[in-house]
Number of protein chains: 4
Amino acid sequence: MKKNKPKYKLIIDAAVQVIAENGYHAAQVSKIAKQAGVADGTIYLYFKNKEDILVSVFEEKMGQFIQQIANAIDTKENANDKLLTLIHMHFSQLAADHHLAIVAQLELRQSNPALRRKINQVLKPYLQVIDSIIQEGIDENIYAADVNITLVRQMVFGTLDEMVTNWVIKEGKYNLVEQAEAVHALLTEGLNKR
Amino acid sequence: MKKNKPKYKLIIDAAVQVIAENGYHAAQVSKIAKQAGVADGTIYLYFKNKEDILVSVFEEKMGQFIQQIANAIDTKENANDKLLTLIHMHFSQLAADHHLAIVAQLELRQSNPALRRKINQVLKPYLQVIDSIIQEGIDENIYAADVNITLVRQMVFGTLDEMVTNWVIKEGKYNLVEQAEAVHALLTEGLNKR
Amino acid sequence: MKKNKPKYKLIIDAAVQVIAENGYHAAQVSKIAKQAGVADGTIYLYFKNKEDILVSVFEEKMGQFIQQIANAIDTKENANDKLLTLIHMHFSQLAADHHLAIVAQLELRQSNPALRRKINQVLKPYLQVIDSIIQEGIDENIYAADVNITLVRQMVFGTLDEMVTNWVIKEGKYNLVEQAEAVHALLTEGLNKR
Amino acid sequence: MKKNKPKYKLIIDAAVQVIAENGYHAAQVSKIAKQAGVADGTIYLYFKNKEDILVSVFEEKMGQFIQQIANAIDTKENANDKLLTLIHMHFSQLAADHHLAIVAQLELRQSNPALRRKINQVLKPYLQVIDSIIQEGIDENIYAADVNITLVRQMVFGTLDEMVTNWVIKEGKYNLVEQAEAVHALLTEGLNKR
DNA sequence: TATGAATGAGGTTTCATTCAT
DNA sequence: TATGAATGAAACCTCATTCAT
């Protein structure tokens, strides 16, 4: 399996750095190769083409991202704690890796629809984690039984995504992670005064 | 003023169609010119360069988009009605113009950072409309006085944006507009059972 | 005759100024039209095409240039005085009109060979004036009878041309006209010590 | 060093030929590439841009040109022999390579001021060779001690340049080289009868 | 005569990918 | 496996010229 060879990871990490520093469109294969310390042609021993590098970047990093969140959630007992944990982890992981945050929130979205469709595939397991938390909340009689799970998931993910994107655009000038509880409160209790 | 000349609008509309049908990167100036029924060079009598076409597309269309919403909101008396109206209009306007929805949700996001920054400028007035509704809701004692307006706005916009994007990706296979009330309820009342 | 209409001269003078200030390649027809205070299309009522403007510029200005020199020479009695006068006039006329000097020495030489051939036609009468002075010098028994007139003319013109070009490149930072006598001495007496 | 790679010279020579045959402005990069038997993109592995090709053409060819002359001059003992040798070499080298003569005398002069400035830099060593010969002649008490060296150099170079240009325009229809001695005599002894 | 909006041909350069070594 | 020199397709923009008014 190629993914276990040392140069595979070397190239993935080089790609993240090059894209973060130069932007998606200026991230030429030759730059990634140079950053990884391999020849241009070597890239093609590990990746089918440039798009394959980018999808793999997302797969690798998002895989870790989701795994971390899934692990953290497993330690929590109820849906509310799990949701708060997910929000907290979502923010903290991206806040901890600024390069990755830039790539995930800004640069990779400049890719063409074909690539974005593949990225969406990679994202699916994460969305399912959100779905299952919501379902659990309903089963635990915490969340309203009549909520549309898809709708709630779109709200949760849309909100988190928009928040991280704004934070990246503002170049991380404020503390994202400390907003986790406020977001959680807002999502669960809504805007209305009680 | 160039914007009032007939060919200006002709080119803008041609650009929306060409981008929607071919994608952002395959939208060559020559294709837009042909679709608009003008010579390539004519484009440059009305637009500084290709990027200027794209920014103008967004400005024109988003300007109308916001104006329509602002008008509709003005007829409503309280923040809750206004918020529902905004959601409804947001969905219905994009659902009514599929080409525009594709361009706004998918294609224009492939643009480079410089262009995206300009697009964000155009978007700002819309975000301010959302902000003012939230402030109004607080003043009317409907929304909780201690909410973070920026946070709420990110939730509202993030949710709507994510929903429209998913709807576009699903190629408009379901009815987006009829979800407006459910989204409104979710945003205002939150996820929790009462 | 078009050449007597007021706009003809207007366009010619505009062309000299635009070329001198912007350079040959940046001297678009539209710029010349604007400088002349006429519409782009009007240019084509007076000139066949852009090349025709440039040839006409040279014809008009060089025609005056030669006429001035011819007039001045006519007042001189012998070949030596005539040659000195020609040198002096050659320098002083170009030194007096810096725009024209730039156009004649630098900018017009960037034109294509077809245009340059036409310019050479315009130059011919001037070369004939030089030839006739040399012939006169031989007839007056001042110049060596066995000189090759074509060769001498190439030396005279080549020297003057090179000197003016260098002076233009040096942006007129030194006095060109006061070198006239030294050049004359050098051309007639040669480099050798006597 | 790229200059030693075989394709470097291949492209330089192709450029001379293409420019000579098609003219400066019709010398597209693709034509030069085809003539050199390489792909368009290969050009850019050896040259920064099109202007760099042209400057390099001049540098390479003029470098050889000057070197040949310098070598020949070194074998001569006095300034007069050296000057005659320089004239002879100047003519014979350009007469021997008609393509190069066309490029040097006509085509490259159509270039823009930026390129011409660079070309002038390349030319400088040649002008210094002329200067040093003149200085040597003065030191040897052959040339008049009071001559202005810059002036003499402008006469010498201007004369030679004008002669070669005329010869090229006349398409090499007469023998240029055999005029070397006559030019030398004219430059040193002047026009006057003795 | 005069206008100026419209035309449309044409070329430099980049960069993902290949393949001989 | 690894290299890196070579490939070649593809597109934005300018500007001389025209022609309906």
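Bear in mind that the values here come from a model prediction, so they are computed numbers and not experimental data. Lettering follows sequence order; numbering is per chain, from 1.
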**Student:** Expressed as a whole number of angstroms, how long is the span from I19(D):CD1 to dG11(E):C1'?
**Tutor:**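 Nearest whole value for this atom pair: 15 Å.
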
**Student:** For DNA chain F, whose closest nucleotide is more 5', that of G41(C) or that of I43(D)?
**Tutor:**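 Its nearest nucleotide being more 5', the pick is I43(D).
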
**Student:** Over all strands shown, is V29(B) touching base, sugar-phosphate only, or nothing at heavy-atom distances under 4.0 angstrom?
**Tutor:**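 Contact class for V29(B): sugar-phosphate only.
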
**Student:** Ignoring backbone atoms, test whether K7(C) places a side-chain nitrogen or oxygen under 4.0 Å from the OP1 or OP2 oxygen of dA2(E).
**Tutor:**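 So the side chain of K7(C) is within the cut-off, an N or O lying under 4.0 Å from OP1 or OP2 of dA2(E).
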
**Student:** Is it the case that over 12 heavy atoms from other parts of the model lie below 6.0 angstrom from the NZ atom of K31(A)?
**Tutor:**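 Above 12, so yes.
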
**Student:** Classify the ring geometry between H25(C) and H25(D) as parallel (under 30°), tilted (30 to 60°) or perpendicular (over 60°).
**Tutor:**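 Perpendicular: the ring planes of H25(C) and H25(D) meet at over 60°.
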
**Student:** Think K34(C) has a side-chain N or O under 4.0 angstrom from the OP1 or OP2 of dG4(E)?
**Tutor:**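 Looking at the OP1 and OP2 atoms of dG4(E), neither is under 4.0 Å from any side-chain N or O of K34(C).
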
**Student:** Send over the distance from E51(B) CD to dA11(F) P, rounded to a whole Å.
**Tutor:**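 My rounded result for the distance is 18 Å.
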
**Student:** Atom CG of L10(D) and atom P of dT7(F): how far apart are they, to the nearest Å?
**Tutor:**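 In whole Å, dT7(F) P and L10(D) CG are 11 Å from each other.
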
**Student:** Considering just the side-chain nitrogens and oxygens of K50(B), establish if one lies under 4.0 Å of OP1 or OP2 belonging to dA11(F).
**Tutor:**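 False: K50(B) side-chain N/O out of range (4.0 Å or more) of dA11(F) OP1/OP2.
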
**Student:** Looking at the side chain of Y46(D), which of dA6(E), dA6(F), dG8(E) is the nearest nucleotide?
**Tutor:**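 Taking heavy atoms from C-beta onward, the closest nucleotide is dA6(F).
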
**Student:** For the pair F47(C) and Y8(C), name the ring-plane relationship: parallel under 30°, tilted 30 to 60°, perpendicular over 60°.
**Tutor:**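 Ring orientation, 0 to 90° scale: parallel.
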
**Student:** Considering Watson-Crick and G-U wobble pairs with both distances under 3.5 Å, what does dT12(E) pair with?
**Tutor:**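 Its partner is dA11(F).
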
**Student:** Taking the minimum atom-to-atom distance to the side chain of L45(B), which one of dA16(E), dA6(E), dT13(E) wins?
**Tutor:**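 Shortest atom-to-atom distance from the side chain points to dA6(E).
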
**Student:** Name the closest nucleotide to the A39(C) side chain, picking from dG4(E), dT14(E), dA6(F).
**Tutor:**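 Shortest atom-to-atom distance from the side chain points to dG4(E).
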
**Student:** Please report, rounded to the nearest Å, how far the C1' atom of dA6(F) is from the OH atom of Y8(D).
**Tutor:**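 Roughly 19 Å, once rounded to whole Å.
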
**Student:** Check this for me, if you would: do K118(A) and D52(A) make a salt bridge, where the nitrogen-to-carboxylate-oxygen distance has to be below 4.0 angstrom?
**Tutor:**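 Salt bridge between K118(A) and D52(A), a charged N being under 4.0 Å from a carboxylate O: no.
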
**Student:** What is the distance, rounded to the nearest whole Å, between atom CD of Q28(A) and atom P of dT7(F)?
**Tutor:**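 It works out to 20 Å between those atoms.
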
**Student:** With no hydrogens and no angle check, is any side-chain donor or acceptor of R109(A) less than 3.5 Å from a backbone partner on V103(A)?
**Tutor:**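 Looks like no, no N/O pair under 3.5 Å.
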
**Student:** Grab the OH-P distance between Y24(D) and dG11(E) for me, whole Å please.
**Tutor:**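 The answer, rounded to whole Å, is 14 Å.
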
**Student:** Rounded to the nearest angstrom, tell me the gap between atom CG in D40(C) and atom P in dT7(E).
**Tutor:**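 Nearest whole value for this atom pair: 16 Å.
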
**Student:** Closest nucleotide of DNA chain F for H25(C) versus for A26(B): which of these residues is on the 5' side?
**Tutor:**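 Result of the comparison: A26(B).
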
**Student:** Can a salt bridge be assigned to the pair K61(D) and D13(D) using a cut-off of 4.0 Å between side-chain N and carboxylate O?
**Tutor:**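 Yes, this pair counts.
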
**Student:** Take atom NZ of K48(B) and atom P of dC12(F), then tell me their distance rounded to the nearest Å.
**Tutor:**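 Answer to the nearest Å: 16 Å.
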
**Student:** Both distances under 3.5 Å, Watson-Crick or G-U wobble: report the partner of dC19(E), or none.
**Tutor:**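 dC19(E) is paired with dG4(F).
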
**Student:** Side chain of Y44(A) only, please: which of dG4(E), dG8(F), dT18(E) is the nearest?
**Tutor:**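 Selected nucleotide (nearest to the side chain): dT18(E).
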
**Student:** May I ask you to verify if any side-chain N or O of S30(C) is less than 4.0 angstrom from the OP1 or OP2 atom of dC15(F)?
**Tutor:**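 No, S30(C) has no side-chain N/O under 4.0 Å of OP1/OP2 on dC15(F).
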
**Student:** Would you indicate which nucleotide in dT17(E), dT3(E), dT17(F) comes nearest to any side-chain atom of N49(A)?
**Tutor:**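 Of the candidates, dT17(E) comes closest.
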
